[in-house]
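See below for the structure under consideration.
Predicted, not measured: the structure shown is a model, and the values here were computed from it. Quick note: numbers below take in every heavy atom, side chains included, and nothing from hydrogens, waters or symmetry partners.
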Amino acid sequence: MPCERKPMRYGHSEGHTDVCFDDEGKCVVTCGSDGDVRIWESLDDDDPKSINVGEKVYSVGLKNGKLVTAVSNNTIQIHTFPEGDPDGILTRFTTNANHVTFNSSGSRVAAGSSDFIVKIVEVVDSSQQKTLRGHDAPILSVALDPSDEFLASSSCDGSVAVWSIESQTQVAQWQILQKSSDVSNAKSLCRLAWQPRSGKLLAVPVDLTIQLYDRNTWTHVSTLSDDLISQVVNVVVWSPCGKFLAAGTVGGNLLVWDVEAKLCIERQKHEKGFTVCGMAWHPSGGRIAYTDTEGCLGLLEGVPSSSSTVQSTKVSRSSSHDDDDDRGLDEGMSDSRSPVKKPIMEEDDDDDDLMPATGRPRNRGSFLDDDDNSQGMSCVKLDGVPEEDGSSAILPAVGPAVSRPVYEGPMPTQPQRAFQPGSTPVHLMHRFMVWNSVGIVRGYNDDQDNAIDVEFHDTAIHHAMHLTNTLGHTMADLSQEAVLLACEGTEELASKIQCLHFSCWDTHKDWIVDLPKGEDVRTLCLGQGWAAVATSALMVRLFSVGGVQKEIFSLPGAVVCMAGHGEQLLIVYHRGTGFDGDQALGIQLLQLGHKRRQVIHGEPLPLSRKSYLAWMGFTAEGTPCCIDSEGVVRMLNRTLGNMWTPVCNTRDSCKSKSDHYWVVGVHENPQQLRCIPCKGARYPPTLPRPAVAVLPFNLPYCQTTTEKGQMEEQYWRSVLFQNHYGFLSSSGYEIDSEGQSRAEKEQQELLMKMFALSCKLEREFRCVELAEIMTHSVVTLAIRYASRSRRMALAQRLSELALEKASQIQEEEQEEEEPAYQRLICSSFEEMKLLLNFVFQEYLINIFKLQVSGAGKSSSSPAGQPRTTNVLDSMTMSNRKPAPLGSTSKQGKAPVLKPLAPKPKSKTQATLLQMSASKGNSKKLEDSQSEAEKVKPAPAATPPASAENIENRKPKTGFQLWLEENRKSILADNPDFEEMDVIKEGMGRFRTLSAEERLNWTERAKGDSDPKKRKREDEEGQVDEQTESDEGRTKKKKPLDTSAKLSAFAFNKE
Amino acid sequence: MDPAEVEFLAEKEMVKIIPNFSLDKIYLIGGDLGPFNPGLPVEVPVWLALNLKQRQKCRIVPPEWMDTDKLEEIREQERKLDTFTPIPSLYYMELTKLLLNHSADNIPKADEIRTLVKDIWDTRVAKLRLSADSFISQQEAHAQLDNLTLMEINTTRSFLLDSLNYMYKLRSNLQPGRSQDY
C-alpha cells in the first residue's frame, strides 16, 4: 500500500527543527531555530498558533498538555498546551540541551545536554532530579524506557549507553558511533527509540543502518537497512503499535520497516532531499510528520502498510476515518465526557460537570479504551505480535496516550450539524441562505460587502430586498409573510433573531429578539402566522409572526433542522448516536392550530445507509418530505400510519457520479420534484443564477420494466400523491376536488387495466384481489368484463364482492344518517341488482348453451343457484333496512342525482357520480359505464326461452311483488319514466308503506306462485317496450356494442 | 423579404423563461402556453418572453447554445472548414440580437457572446460571398449550400438574384459564339 507524501510546507526559518504530535493526534507541534513552537491543526493550516519560547529551540516534547522545550538559554522550559502560557523552568544545564523527551506516561522528562550530562526530572516536582554522568562528550539524544526502568543515551563520544534510572548507573554501553567534538559536527543526531509498550527493543541509528538491541540481555538482535539509504540515518521512531519503525536520513530518505519481518515496506524521498531531523508518528499510526533542517514540515499519509491483513485493515480504517476515530477516542479518554452524550450536546459543556461519575463506566461499556488490560489485549490481538512476557504488568498505570487503544466495533458517527433546509454551507462567501417555494435569500460576505438579498419568485408577494448584514446573520427562512433571520452569538453579543414582517400593515415592519446569554440559534423556520427557533439549549421557542413570544418546549436531542407549513411544524433532532456512518435522527410533527397536538411523536427518521439528512420540508400541499445525502426522497404516508415511503432517487437521474440535485421544492399536484442540477458538486453556486429543473417521481417498485410493474407503480404513486386531499380536507382547507376526482379516476382506470391484464394472463385470484381495491362502481365493470370474457367463476366471485362492497357503503351511509344518500344508495342498489340480473342471465345463457352443446340437460346450473338466490335475498334485505329512515316528505320528488354531487364525503359515491357525469379524458371507461346503465333493457333482447328459464328460477322479494302491482300506477303518474326511474319511484313509495304492509308483501313473496311471476314477466315486457318506444330503437343493439367496446378497452392497451 | 420579416419568424422560436408571476394556462391560436408558476422555468415563444421581460415579469433563460464555450467551438469549426457548419439554431443571429438587446442582464458574458456570434456571422457571410463569387465566375448552373440560415440567405438573395438576372440579360445580348470570353 503506497503512502501519500503531502507537499512540504514552510514552518520555521532554516536550521534545526523538531516535531511531535499532541496526545490525540489532532495537532502537529514543531519547533525551530527561530525560537518558536508552532501548533498546526493540519498541514493546510494557514494560521498555526505560534509560541515564542526563546532564541532557539533544539527539541520539543509534548504530553498531557505540557510542552517542554530545550531552549538555547540552557534551560528546559514548560509551557501549557495548547494555550502556550509559560509554566516555569524544569531544569537548567551549563550549556544548551540537545534533546528532551517525555516518558510514556508523561510523568518524567529526560534531557541530554552539551555539558555531557543527562538529567531525569519529575514534571510535577522539578526538585526531584536524577543526573546521569558518564559520557565524555555532548549528549546527542536520550530515550526513556516505556517501563521507566532504563534510559538510553547517545553521545558525541561515539557511545550509546543504557542507564538504570534507579541506580543511575550504566548497565550497557556500545561504542558504535563515530566520534565527534560537538553536536554541530556530529554526522548524525542519533535519535534513539525504545519499542513502545514493552520496551523490548532499542533502536539505534548507526551509520547507514538501524541496530536493534534486546532489552535485558543488551545484545544486538538485528539490523535494518535498505539499499536506498545512501547517507547516515538521523532519526528513528517506532509506530505506536510497536510493529513498525520509521527512519529519516541525512539524505532526506524516509523509510518504514516492518520490524518483525525486517521488511522495508515504505520508501519515500524528501522532495528536496534535505536532511530529516525530526520525525513523529501519529498516535493512531496512520501518518508520520517530519521536519528538515530547512525548517519545512511534511506529512506522510497512509503509512504503514503491512503484510498482516489485520494490521492493514486497522491502519486503513484509522487513516480513512481519522476524524471520526480521533473524535471517538478523544471522547473516550476524557473521563467526564460520555460518548453517548456528546454527539447530542456537542457544544454543551455543562453536561460534563453533571455526570462525571456515570461517564466513566459508560465509556468502558462502549469502548474498551482506557482499561489498560483490555487495551493491551486488543493490541496484541490486532498486531499479531506474540505477547511479551509480563507486558501488561509493566504497562504504565496511566498511559492511554502512548498507544492508541484499538477498538474494532462499530464507530460512532459524527452527528450532523444543524442546518437550514435549502441553504448552502455557511463557509461559502456567496451562498443561498434559503431557497424555497416562496423565494430566494442570498448572503454575501466578502471584502466589499456583507449583505443579504431577498428575492421573491412571485413579485406579487413583495419586491426584492437588499439588507446590510450588520449582525452577521447566517440563517434565514422566508414565507409569504415574513423573512426570518438569525445569527449565532459571539462572546460579547447574544444570539439574535430578526424578523422582517413585510406583510405587516403598521409601520414597524421588523422586530429583533435577543436570546438569553449562552443560548444560540441553531435553526429556525416560519409557518403561517408563527415562527419557530430551535436553540443550543435544546429548546424550541415559538413566536407569533408579529413578535409575541409564545410556547417554549424542550427537545430530546440536538436539533438538526425544522420546517414549517401552514400550522404544521416539523422538527428533526438527534435521537442518539449513530454508528458506522449512520445518523440516528428522530422526528416530531406538531400541529399548531387551535387543536394543538403532536402528530409524530419522535419516531426515528429513516435514512439511507451511511447518509445524512440533506433536505427536510413540506410539499406545497403540506405533506412532510425528506431527502438524504444519497438523494433518496421520502414522503410521509399519512394513510399508512405515518410511515415514510421513498418516492424518488435523484441520483438515478444524475449523469455522473459527482453530480447532484439540490432540491428546492416538492409538489404533489402536479407531481414535481423541483431541484437544481449541480454539476460535480452538491451545492449550486449563486452565479450564474442556477435554473430549476423538474424531476418526476418514481416509486421503487419491482419489475417496473414490465407492464404490470409499471401499472402498479403508477397506481400506488397516484394513491400516495392523492393522500394530501384527505389531509387537507380534514384540516379544513379548500381542496381541488377536480384534481382529486381526476386522480381517483386515474386510479380506477389503472386498476381496471391491471384487472384486464390479469384476466388475460388467466390469473383469476389476482383479479379478485384487484377488484377488492376497486370502488363499487368499477367492480360492476369488472364483472361485466369477466362475464364477457367467459370467466363465469370469476364473475360470480366478483358479484359477491360487489354486494359486500355495496352493503359496506350502505352501512357507512347509515351511520351518517343521511336520508338523501340512502335514496341514492337504494337507487344504485337497484341498478346493481338489474345489472346482476343481467349478468346472471348471461351466465345462465352461457351454461345453457354449454349444456345444449354438451351432454344435454345436466344439472350443473342448479348448483350455482342457491347461492344466487341468497345473494339477491340478502341484497334486498339490506335494501330494505334504510327504508324506515326514509322521510315521507321526499317521496314525491323524483330521485335526482344532482343534489348529491357537491357532497364529496364518500369517495365511492363521488366517483360513481363523476364517472357517469364528468366528461373526462377516459372516454372508454365512461362509455362502458353509461352502457352499463343502458344494459337494463337488455333482458328483452335475450332469447325468450332462456329468459323464461331465468324468470322461473328468479327469487321474488316483497318489493318486487309490490312493484309489479304498482308499476302501472307509477307509470300512469309519470308516463315519461324509464325503467330505472320507475324502480326508484317504486322504492320511494314502498318505503312509505307501513311496516305491516311491507311484511305482508314479503310474506307473499315467500309463498309466491308461478302465475304471478309470469304476470310480472309480461308486465316487464310491456314496460320494456314502453321504455324502448321512449328512447328509440338504438338501445337494442347496445349490449353487443358494449361488449365489443369493453374488450377493446381492455385489450387495446396491452 | 426584409430582415424584419425574418426576425418576426424567429420570434416564434421557443425560449425558456422563469416567470415571477402566477398564471394558469393561456390558450392561444398557436397553442397553449403555461401554466406559469413563479420560479419554475416554462417554455414560451420569444415574442412573449420579450414582452414579459420588458414588463419585468420574467427572467429569460438563455438557450443552451448561447454559451461562450460552445460558440467558440463553433467559431473555430466555422473557420477551419470551407463548408458551412451546422448551427445550433436556425435563428441564431436573430435570437442573439433579440435576447441580448432586451435581456442582457439575464445572460452571462453577454458581450462575449455578442462578439462571438458576430464573428460566426461574418465568417459565414464571407463564405457565402466567396461561394457566390466562384459560382458566378465558374458559370455553374446550380450549386448546393447546406446549413444556411434564413437570415443568411436573405442577406444575399436580392443581390445575387438581381445580379444573375442582369448577367443573364447581358449574356443573352451577346453573340452566341463569343459567350466564352466575356
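- Between A:Tyr444 and A:His430, the ring planes are perpendicular. Angles over 60° get that label, and only those under 30° would be called parallel.
- Inspection of non-hydrogen atoms places A:Arg674, A:Pro688, A:Arg689, A:Val692, A:Val694 of residues 674-694 of chain A under 4.5 Å from chain B.
- Using a cutoff of 4.0 Å between basic side-chain nitrogens and carboxylate oxygens, A:Glu746 and A:Arg742 are not scored as salt-bridged.
- Only the side chain of B:Asn37 comes within contact range of chain A, with at least one heavy atom under 4.5 Å from a heavy atom of that chain.
- Counting heavy atoms from C-beta outward, B:Pro45 and B:Lys12 have side chains that stay 4.5 Å or more apart.
- The NZ atom of A:Lys745 sits 12.5 Å away from the OG atom of A:Ser718 when rounded to the nearest 0.5 Å.
- For the pair B:Pro41 and B:Ile18, the minimum side-chain heavy-atom distance is below 4.5 Å.
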Show which side-chain atoms of residues 79-92 of chain B pair as donor or acceptor with protein atoms under 3.5 Å away, not counting sequence neighbours.
| from | atom 1 | to | atom 2 | distance (Å) |
| --- | --- | --- | --- | --- |
| B:Thr85 | OG1 | B:Glu78 | OE1 | 2.6 |
| B:Ser89 | OG | B:Tyr91 | N | 3.1 |
| B:Tyr92 | OH | B:Glu152 | OE2 | 2.7 |

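- Of residues 453-465 of chain A, those residues lying under 4.5 Å from chain B by any heavy-atom pair are A:His457, A:Asp458, A:Thr459, A:Ala460.
- With rounding to the nearest 0.5 Å, the separation of CD in A:Glu668 from OG1 in A:Thr619 is 3.5 Å.
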List the atom pairs, with distances to 0.1 Å, where a side-chain N or O of residues 59-77 of chain B and a protein N or O form a donor-acceptor pair under 3.5 Å, not counting sequence neighbours.
| from | atom 1 | to | atom 2 | distance (Å) |
| --- | --- | --- | --- | --- |
| B:Asp67 | OD2 | B:Asp69 | N | 3.4 |
| B:Asp67 | OD2 | B:Lys70 | N | 3.4 |
| B:Arg75 | NH1 | B:Asp119 | OD2 | 2.9 |

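- Counting heavy atoms from C-beta on, the side chains of A:Leu485 and A:Met475 never come closer than 4.5 Å.
- Between B:Thr115 and B:Lys118 there is no side-chain heavy-atom pair separated by less than 4.5 Å.
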